[in-house]
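Report on the following structure.
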Amino acid sequence: MPMPFLTADRELHSPSEPADIPLPYSDRGRWRRPYRPGPWRVARSAVLLLLAAFLLMTAVLSTLAGSLPAAGLSLALGVLVIGCSLRMLRVGIWVSSHGIRQVGLFWTTTLDWHRVAAVRTVQQPVRWLGLPRTVQGQALVVHRRDGDPLRVLLSDHSADFLRKPAAFDRAADVLESWAEDYRAEPV
């Protein structure tokens, strides 16, 4: 028995609405991720949150045992791990009418639409789950007007799209359509 309210794969549109609308939001000026975080990304964050729970438990036990420096260190590490876990969930591509934003774990790059020359899907070696190992796959790349290419935006072997080719195609199409819509007209 399907339970669509428990999954992220439920329909966002009613049967009367067309399903090819890029984003179902009225305010295109807000930064939105045009796809859902993948199960590998969520699993990594969940494991980090579990580690943070153990570190915070260690801080409580160290405090009860009277070792305040150890408790402070455990508390600081727990808060750091929670911050990394939450940041890991934000990693990805975000779009708005202002531009395209690529968020990494330790960096963020924002590019205005008027500086984008092309957004296209290409076949090339891509990193598997963000690890150093590369495999042949599809990647969505952005070419700037000044010639410097941006880092690979999306790949079909990333933590969001591994073994989900339809989701990768849908996200790539949405990003390409946003680029076509906003590159031509100044905001």
Side-chain angles (χ1 to χ4, degrees), residues 7-13 17-46 48-49 80-122 124 126-131 137-187:
T7 66
D9 296 331
R10 64 183 176 270
E11 286 293 320
L12 291 176
H13 307 285
E17 291 182 31
D20 59 347
I21 296 174
L23 289 175
Y25 306 109
S26 59
D27 184 13
R28 289 184 169 246
R30 291 188 58 196
W31 291 100
R32 304 280 184 188
R33 184 191 325 228
Y35 57 91
R36 294 182 180 100
W40 290 93
R41 182 173 312 285
V42 174
R44 280 192 228 171
S45 293
L48 282 179
L49 287 175
L80 181 70
V81 169
I82 289 172
C84 285
S85 174
L86 294 176
R87 181 68 179 188
M88 191 178 296
L89 287 174
R90 291 200 44 88
V91 167
I93 304 303
W94 298 76
V95 292
S96 77
S97 59
H98 307 292
I100 187 166
R101 180 174 286 170
Q102 186 177 23
V103 178
L105 192 58
F106 300 111
W107 50 267
T108 299
T109 303
T110 303
L111 192 62
D112 294 331
W113 287 120
H114 70 280
R115 294 180 54 204
V116 173
V119 177
R120 58 178 74 105
T121 306
V122 296
Q124 69 179 34
V126 295
R127 295 172 68 182
W128 183 75
L129 287 177
L131 299 172
Q138 291 185 1
L140 187 76
V141 294
V142 171
H143 298 283
R144 299 181 195 187
R145 290 200 190 275
D146 61 6
D148 297 334
L150 210 61
R151 294 180 186 181
V152 171
L153 293 183
L154 301 173
S155 75
D156 59 348
H157 287 82
S158 68
D160 293 320
F161 301 109
L162 187 66
R163 298 185 191 246
K164 293 172 35 178
F168 172 78
D169 292 338
R170 198 169 37 248
D173 290 343
V174 167
L175 287 169
E176 288 172 358
S177 71
W178 273 67
E180 284 300 315
D181 290 346
Y182 287 105
R183 270 186 309 137
E185 56 190 61
V187 177

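Because the structure is predicted, anything quoted here is derived from the model rather than measured.
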Under 3.5 Å, is there a donor-acceptor pair between the side chain of [X] and the main chain of [Y]?
| X | Y | value |
| --- | --- | --- |
| Arg127 | His157 | no |
| Ser155 | Ala139 | no |
| Ser177 | Val174 | yes |
| Arg44 | Ser85 | no |
| Gln102 | Leu111 | no |
| Arg145 | His114 | yes |

Check whether more than 12 heavy atoms from other residues, nucleotides or ligands sit under 6.0 Å from atom [atom1] of [X], and answer yes or no.
| X | atom1 | result |
| --- | --- | --- |
| Arg163 | CZ | no |
| Trp94 | CH2 | yes |
| Arg30 | CZ | no |

Checklist entry - Within a strict 4.5 Å, meaning less than it, do heavy atoms of the Val126 and Gln138 side chains meet? => result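 Contact flag for Val126/Gln138 side chains = no.
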Next on the checklist: Within the structure provided, determine whether Val119 and Glu180 are in side-chain contact (heavy-atom separation under 4.5 Å).
Outcome noted: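 With C-beta onward as the side chain, the pair stays apart.
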Heavy atoms only: give me the nearest [X]-[Y] pair and the separation to one decimal.
| X | Y | value |
| --- | --- | --- |
| Gly104 | Val91 | C-CG2, 3.7 Å |
| Cys84 | Leu105 | O-CD1, 4.0 Å |
| Arg33 | Ile93 | CG-O, 3.4 Å |
| Pro34 | Arg32 | CD-O, 3.5 Å |
| Asp160 | Gly38 | OD1-N, 2.8 Å |
| Asp156 | Gly137 | OD1-CA, 3.6 Å |

Working to the nearest 0.5 Å, report the span between [atom1] of [X] and [atom2] of [Y].
| X | Y | atom1 | atom2 | value |
| --- | --- | --- | --- | --- |
| Arg90 | Arg101 | CZ | CZ | 8.5 Å |
| Asp169 | Leu154 | CG | CG | 11.0 Å |
| Ser158 | Lys164 | OG | NZ | 9.0 Å |

Checklist entry - For Glu176 and Leu140, what are the C-alpha separation, side-chain angles and deciding distance, and is it a side-chain contact (heavy atoms from CB on, under 4.5 Å)? => result CA-CA 9 Å; Glu176 288 172 358; Leu140 187 76; 3.6 Å; yes
Item to check | The single option from Tyr182, Trp31, Trp113 passing side-chain contact (heavy atoms from CB on, under 4.5 Å) against Ser96 | outcome: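 With Ser96 as partner, side-chain contact (heavy atoms from CB on, under 4.5 Å) holds for just one option, Trp31.
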Item to check | Derivation and outcome, side-chain contact (heavy atoms from CB on, under 4.5 Å), residues Leu49 and Ile82 | outcome: CA-CA 6 Å; Leu49 287 175; Ile82 289 172; 4.2 Å; yes
